[in-house]
Protein chains: 2
Amino acid sequence: MSITYAAGFQTGTAIAHRPGGSRRRNLALVVNKGPMDTAVGVFTPNRFRAAPVIWTSRILEEGRAGAVVINSGNANACTGSEGLDQAKAMAERTGRNLGLPAEQVAVCSTGIIGHLLHLDPILAGIDQAAQELSTSQEAGEAAAKAILTTDTCTKTVALDGSGWRLGGMVKGSGMIAPQLATMICLITTDAIVEPDQARRALSEACRLSFNRIDVDGCMSTNDTVLLMASGASGVRPDPVEFQELLSQACGELSRRIVADGEGSRHRIRIQVDGAGNEDAALACARAVSGSTLLKCAVAGEDPNWGRVVASLGTVPVSTAAYDPDHVDVSFNGVKVCQGGRPGQDPSLVDMHVPEVHIDIDLGHGDSQATVWTDDLTHEYVTINADYHT
Amino acid sequence: MSITYAAGFQTGTAIAHRPGGSRRRNLALVVNKGPMDTAVGVFTPNRFRAAPVIWTSRILEEGRAGAVVINSGNANACTGSEGLDQAKAMAERTGRNLGLPAEQVAVCSTGIIGHLLHLDPILAGIDQAAQELSTSQEAGEAAAKAILTTDTCTKTVALDGSGWRLGGMVKGSGMIAPQLATMICLITTDAIVEPDQARRALSEACRLSFNRIDVDGCMSTNDTVLLMASGASGVRPDPVEFQELLSQACGELSRRIVADGEGSRHRIRIQVDGAGNEDAALACARAVSGSTLLKCAVAGEDPNWGRVVASLGTVPVSTAAYDPDHVDVSFNGVKVCQGGRPGQDPSLVDMHVPEVHIDIDLGHGDSQATVWTDDLTHEYVTINADYHT
């Protein structure tokens with residue numbers, strides 16, 4: 001189940017490497033057959049925005065698009081005006097195949113930074129993918145696979161609303177940052193959703209999902225989350241239900257990214273309670289999730305609360321008020337640090353679990369925030385020393 | 001050559017583990033025989049300050065101390081009022097041996113967080129070290145060795161002023177942070193330096209040295225840099241020369257820390273030019289030095305400028321103004337990125353060198369900052385998954 005779970009969406013894939021390259025499919029075309037053409041996006045805040053991000057954020061200003069074309073392997077980032085011309089050429093070629101103006105086609109790219117695309121095989125791939133468009137589940141799965149780079153598995157979602165559906169796919173496992181990721185996410189729905197509602201709902205869904213994961217603290221040039229609505233179900237969803245399902249989809253997909261974090265063996269959920277406000281809780285959670293020392297400790301299955309408080313201690317008082325002598329830290333329910341001092345015996349903590357829960361109580365207020373990350377392993381180093389993004 | 005290079009300083013070491021523990025010497029006592037007793041410090045800004053940091057920062061308010069006692073293996077951090085009593089007990093025992101009030105004795109600890117000290121062997125070690133006090137070079141080297149934890153080598157300095165000397169030792173290789181490190185540094189001089197001058201000079205020397213290194217972005221609870229002046233040379237140094245030599249000592253010792261970074265194979269110097277002001281340059285340099293993706297790339301000897309600009313792009317405009325289309329990046333003198341786009345061929349870069357220079361020109365102003373870090377290797381993960389700090 002993937003983006004074709006929602007009615008009104010077709011997809012096709014193709015091999016679009018330069019001659020002699022891999023035989024893996026690395027291009028996906030997704031078409032919204034309508035009757036609506038709602039399309040909205042959330043994009044990386046990185047100041048080095050890749051060409052496809054510049055193109056797509058511009059054409060989605062009105063909240064409408066008929067298709068999206070995605071290539072993996074080359075991010076078309078840091079490629080100047082020539083790169084922007086290439087992104088536009090991808091949109092034009094897609095539009096020509098589908099009878100759409102280029103300004104109706106969103107473009108996403110992920111992969112290596114600082115190289116112009118090999119455009120010819122990509123344009124040929126677009127032609128080929130356009131010939132293979134299908135609403136089948138298999139086609140949806142193939143698209144979810146075609147957008148991957150160092151990911152070890154496809155990451156998709158399929159959810160049912162009251163008379164409408166929502167499907168999604170995401171790509172991303174490294175360069176996962178405090179704000180989004182090297183991540184391309186496409187969510188489709190057959191509900192009747194206008195651009196304004198879609199934009200608000202997507203922003204809220206991202207705030208508590210993709211913006212709350214952190215694999216390695218690195219923010220990419222290409223992060224993009226798109227939501228397209230076809231209206232093909234004929235159902236105008238209850239706004240609360242729509243928000244809930246969209247948030248659930250983004251939450252599930254974001255946690256799949258962390259679970260597929262490069263070289264990861266443990267997911268880590270860092271929950272901060274007792275903060276004066278949500279921003280303070282979030283700043284503390286991110287300080288802890290950003291600690292490479294802590295991430296190594298979890299890889300070594302060591303409930304090292306010293307590294308948790310050492311990270312907490314780097315958050316300025318002006319950002320998060322708390323008294324170090326009132327801070328509690330639990331690993332998987334065992335309160336190993338109480339009032340800033342040793343608490344229960346760390347040997348009571350079972351770290352042989354795929355998901356480690358670190359709960360921090362600042363003892364200062366009532367606000368809370370949760371961030372997901374993963375551990376730092378040998379495999380992460382291997383992947384990122386060898387893979388040239 | 002170490003802290004005994006300057007006249008007026010004695011040191012002794014001892015084994016101070018709990019019964020059945022290691023036979024490595026892990027306690028050092030350093031005594032200033034005068035005639036002056038100037039002693040000033042710079043301490044971690046971490047909000048979880050370890051007990052010895054609380055003790056020592058308090059007793060150094062007047063800028064005077066006659067001795068410092070340092071133990072390695074246990075940081076006496078996050079140990080509450082009991083830990084503070086232990087730090088005070090170390091000062092008292094040292095003072096009793098030397099005929100000094102406890103308030104004349106600085107205390108430093110480094111090692112595991114969240115455990116009370118095994119105080120008895122430490123107190124016995126203080127007695128033993130006090131019996132072995134010596135001004136010899138060998139004693140100085142032994143002290144530099146006794147303070148180590150995961151360090152792979154001693155890190156010392158010995159410099160000559162005009163008629164006076166400066167010696168130093170430092171410990172630290174992991175948990176090296178934007179602000180100081182899990183680092184204990186002691187610098188001694190036989191120049192005549194009053195507390196006010198010492199404080200100003202040390203602060204300035206740290207600003208451009210220990211505060212500009214970053215091994216893993218982790219700020220410790222125990223970071224301490226101490227400067228003690230005996231005045232034994234009888235020479236009142238030229239203030240400019242004193243600042244220069246002190247800055248040189250701190251610079252050399254800080255770079256030794258990076259070179260001994262846990263599991264490190266490459267030192268990385270990140271220099272940012274063309275910034276609107278120094279803070280902007282520093283923020284950009286730190287954003288790059290904090291990228292685990294970049295650090296993995298350097299471990300893999302890949303001059304991956306895409307990861308450099310992706311990190312630069314995370315710095316908010318309000319912190320550092322620059323135009324991404326005007327940014328140049330060089331690896332070891334090869335301008336692989338020019339104007340935010342691909343420049344010279346990355347294959348021209350020789351990465352088989354112990355020190356990698358990444359030069360970034362923001363093309364916006366005239367200010368500059370330099371940060372040192374190291375690469376992220378399998379060995380780093382091994383050390384930090386297995387060593388329980």
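The sequence lines fix the lettering, A, B, ..., with proteins before strands; numbering per chain opens at 1.
Contact between A:Gly114 and B:Pro342 at its shortest, heavy atoms only, is O-CG, 2.8 Å. Looking at every heavy atom in both residues, B:Thr292 comes nearest to A:Thr292 through CG2-CG2, 3.6 Å. Of all the heavy atoms in A:Asn46 and B:Gly313, the pair that sits closest is OD1-CA, 3.1 Å.
Proximity of a side-chain donor or acceptor of A:Arg47 to a complementary backbone N or O of B:Ala310 within less than 3.5 Å is not detected.
Your options are A:Asp325, A:Val327, A:Val317, A:Leu312, and the one with the most heavy-atom pairs under 4.5 Å with chain B is A:Val317. Ranked by non-hydrogen atom pairs under 4.5 Å with chain A, the options B:Glu82, B:Arg49, B:Arg341 are led by B:Arg341.
Atom OG of A:Ser311 and atom CZ of B:Phe48 lie 10.0 Å apart (nearest 0.5 Å).
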